[in-house]
Amino acid sequence: MTTRNITRFWEWGRKIICVGRNYADHAKELKNAIPTEPILFLKPPSAYVREGSSILVPLYSSNLHHEVELGVVIGKGGTAIPQSAAMEHVAGYALCLDMTARDVQDVCKSKGLPWTLAKAFNTSCPVSDFIPKERIPDPGNVKLWLKVNDQLRQNGCTSQMIFSIPYLISYISEFITLEEGDLILTGTPKGVSAVQEHDELQAGIEDVVTMTFRVDRQEQ
Ligand SMILES: O=C(O)/C=C/C(=O)CC(=O)C(=O)O
Ligand SMILES: [Mg+2]
């Protein structure tokens, strides 16, 4: 029998649950109201892309945005997890990008339609190496940054989150059972902007991890 290794959680085929508008400065830059409860959406496991492969601009988008986010990797599943026990369910973290076809999202928003094609396309979830829990003792105070072609675009701190990681784990698990290997994307700080074919994206968590991805256009 082969045992699965959580350090390669992206190979497990588990769900990716994303939280939107969890930073007030980002909600404001897109002219959205500050949420009073978490806004959730999903990406499929086919959204994962690892360093060495490119982020592909979908053929149907001409405004692909980067969103740098802290990802929380679930180590122990559960339903209706109390906030007080939430961190016991965390195996570790990953630096993630929530790549977003903003033009498609804007159309979906105006028509009241789901964001699936804006958020869940192939390569929409670039992910760093697994970061063991011990390497980030305080996930509520972690600095995240992202550069496009060496220019700093996003520079935020998880202390700015509206809903904390324990709150999010508890809230999500009330409605969606969490399983080992699931990933929660916790939202992006301000500074999102468009990327183009041939751009190089670099992102990092201060003193913990960096990652680099190239952007390419999807082939016809
Ligand atoms: O409502 C919008 O215009 C955009 C929302 C998002 O894309 C939400 C996120 O994914 C996020 O805040 O990280
Ligand atoms: Mg996002």
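Counting starts at 1 for both ligands and their atoms, following the listed order.
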Test side chain to side chain donor-acceptor pair (under 3.5 Å), reference T100, set H65, K119, Q105, output is K119
Between R102 and H26 the two heavy atoms that sit nearest each other are NH2-CE1, 4.2 Å
Here the atoms of ligand 1 under 4.0 Å from any heavy atom belonging to K119 are 6 (C), 7 (O), 9 (C), 10 (O)
Numbered in order shown, the ligand 1 atoms found under 4.0 Å of a heavy atom of H26 are 11 (C), 12 (O)
For F41, the atoms of ligand 1 under 4.0 Å from one of its heavy atoms are 10 (O)
Exercise for review: Take L185 and I17, measure what side-chain contact (heavy atoms from CB on, under 4.5 Å) needs, and give me the verdict at the end.
Suggested key: CA-CA 6 Å; L185 263 59; I17 303 154; over 6 Å; no
*asked:* A quick test of your reading: do over 12 heavy atoms of other residues, nucleotides or ligands sit less than 6.0 Å from NZ of K143?
replied: no
Going by the 4.0 angstrom heavy-atom rule, the piece of L30 near ligand 1 is side chain
For V19, the ligand 1 atoms with a heavy-atom partner under 4.0 Å come out as 11 (C), 13 (O)
Q: Determine, using heavy atoms of K109 and all atoms of ligand 1, whether some pair is separated by less than 4.0 Å.
A: yes
Angle subtended at the Mg ion (ligand 2) by D98 OD2 and E69 OE2, to the nearest 10 degrees, is 110°
A student checking ligand 1 against E69 at a 4.0 Å heavy-atom cut-off should list atoms 13 (O)
Residues N141 and T158: closest non-hydrogen pair is N-OG1, 3.1 Å
In ligand 1, the atoms that come under 4.0 Å of a heavy atom of G20 are 8 (C), 9 (C), 11 (C), 12 (O)
(request) Examine ligand 1 and decide if any of its atoms is less than 4.0 Å from a heavy atom belonging to W115. (result) yes
Do R50 and E11 meet the salt-bridge criterion of a basic N to acidic O distance under 4.0 Å?
no
Among N, O or S atoms, E67 approaches the Mg ion (ligand 2) most closely through OE1
Filtering E67, M99, K190, Q105 for the heavy atom nearest atom 11 (C) of ligand 1 leaves E67
### Task
Determine whether more than 12 heavy atoms belonging to other residues, nucleotides or ligands lie under 6.0 Å from atom NZ of K190.
no
With heavy atoms and a 4.0 Å threshold, my read on which part of H65 contacts ligand 1 is neither
*Would one find an N or O of R102, backbone or side chain, under 3.5 Å from an N or O of ligand 1?*
yes
Heavy atoms of W145 and N155 approach each other most closely as CB-OD1, 4.1 Å
- Mark the output for G187 as yes if a heavy-atom distance to ligand 1 is under 4.0 Å, and as no if none is. yes
Between N5 and W12, the two heavy atoms sitting closest are O-NE1, 3.3 Å
Q. Taking atom NZ of K28 as the centre, does the number of heavy atoms from other residues, nucleotides or ligands within less than 6.0 Å exceed 12?
A. no
Nearest non-hydrogen protein atom to atom 12 (O) of ligand 1, with distance, is R21 N, 2.7 Å
